Amino acid sequence: IKIDTNEFVSVADATNAVERAISRNKVDFLVGGFRSEAVLVMQDIAMDNKKIFMGCGAAHPKLCTRVAKNYKRYKYWFRVTPINSRFLGKVDFILLATVAGIMRHTLGLKVVKVAVVAEKAVWADPIVRASKVILPKLGMKIVGVWRPSPVAKDVTAELTAMKRAGAHIIFTSFSSSVGITFARQWGELKIPAAAVGINVESQKDGFWKATRGMGNYTLTMSTYTRGVHITPKTIPWVEAYYRRFGEGPTYTAGTDEAIHVLALAITKAGSLDPDKIVPFLEKTRYYGTAGLLVFDKSHDVIWGPGYVTSLGVQWQNGKNLCVWPYKWQYAKGKFLTYKGCTPYKLPPWVVKYWKGRK
């Protein structure tokens with residue numbers, strides 16, 4: 001049963017949608033949810049009714065720390081995708097450090113200056129807070145923090161301020177339409193700073209057309225892109241997705257996997273009773289399309305080599321290519337590269353602007 005929550009616009013609409021699904025449509029399970037502010041409320045309604053809720057979009061850690069703090073009430077919640085904001089931040093910082101290292105080597109920079117820009121949304125708050133602590137430890141200087149609306153139509157003021165501040169890198173956290181606005185205007189203005197971080201819109205095939213190619217060289221975290229072998233299931237599944245929908249999947253396409261995982265647990269339990277199904281969900285070890293899906297004690301998807309890592313993908317002249325993990329050293333003597341990954345490229349206008357400057 002498909003129900004529109006309208007959660008981008010209204011938490012109240014999302015609340016009513018879940019209540020309607022449970023009381024009117026008599027659903028046994030819930031799969032989905034996107035905006036953390038709304039999902040936190042949706043989760044409570046599901047828990048009130050003891051409905052298993054497979055989260056497939058919202059990243060805020062609180063959704064799973066609730067399970068750890070009050071297991072009896074929240075045990076029916078499991079996050080399948082994405083990895084939580086803390087891990088999103090961890091991959092973010094790995095991507096940032098990778099680009100900073102390339103800039104130091106290529107441009108001879110001693111101190112890399114970073115502008116932090118994140119849409120004004122609760123999921124991005126932990127990333128912004130963490131950046132203020134972690135970036136200085138990585139030898140980078142924060143030149144400012146900007147928090148535009150998730151649906152901003154113009155960010156030229158923010159971009160020009162970042163340029164005036166001398167930013168070498170713009171560290172992004174966007175999940176909504178502002179990601180299109182930012183990337184298009186960044187390219188149009190040829191802002192001399194590499195765009196690195198999370199930009200959900202740039203994960204989509206339509207990004208190139210939406211930005212009129214101005215989003216070229218945008219680097220974002222993602223879950224899928226064409227031609228990358230994460231597990232044996234990845235490439236066949238991505239190609240099947242293209243054939244069916246005419247475009248590539250974003251991380252919310254993990255909803256498909258959530259349904260498979262749920263179906264397996266139901267089969268093993270031999271029941272639709274949520275209390276009988278939960279123990280089987282907790283034992284999940286499912287080799288999916290994004291990696292090995294395993295839940296931790298708080299029912300959060302486990303991040304890391306051998307599990308789910310996410311990807312770093314960059315637009316390079318009309319193609320969305322995987323550039324991370326590419327020779328990623330995650331431990332002493334241990335490296336990870338997914339087959340199909342290629343090296344990251346600095347935007348040429350950034351190199352030209354900073355070449356010879358310090």
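Keep in mind that what you see is a predicted model, and the values were worked out from it rather than measured.
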Do the side-chain N and O atoms of Asn216 and Asn317 include a donor-acceptor pair separated by under 3.5 angstrom?
yes
Give a yes or no on whether a salt bridge exists between Glu282 and Lys297, defined as a side-chain N under 4.0 angstrom from a carboxylate O.
no
Measure the acute angle between the ring planes of Trp328 and Tyr330, then classify it against the limits of 30° and 60° as parallel, tilted or perpendicular.
tilted
Do Asp154 and Thr156 have side-chain atoms, one donor and one acceptor, less than 3.5 Å apart?
yes
In short, ring-ring contact (aromatic ring centres under 6.0 Å, His included) pairs touching residues 248-272 with sequence neighbours left out are none
Arg35/Glu119 ion pair, N-O < 4.0 Å:
yes
Trp208 side chain vs Lys319 backbone, donor-acceptor pair below 3.5 Å:
no
Which Ile, Leu, Val, Met, Phe, Trp or Tyr residues join Tyr241 in one cluster when any pair of side-chain heavy atoms under 4.5 Å counts as a link?
Tyr224, Trp237, Val238, Tyr242, Phe245
Glu257 and Thr289: side chain donor to acceptor below 3.5 Å
yes
Check the surroundings of atom NZ in Lys190: do more than 12 heavy atoms from other residues, nucleotides or ligands lie under 6.0 Å from it?
yes
Would you say the side chains of Thr220 and Ser222 form a donor-acceptor pair under 3.5 Å?
no
Hydrogens and angles aside, do Tyr76 and Asn49 bring a side-chain donor and acceptor to less than 3.5 Å of each other?
no
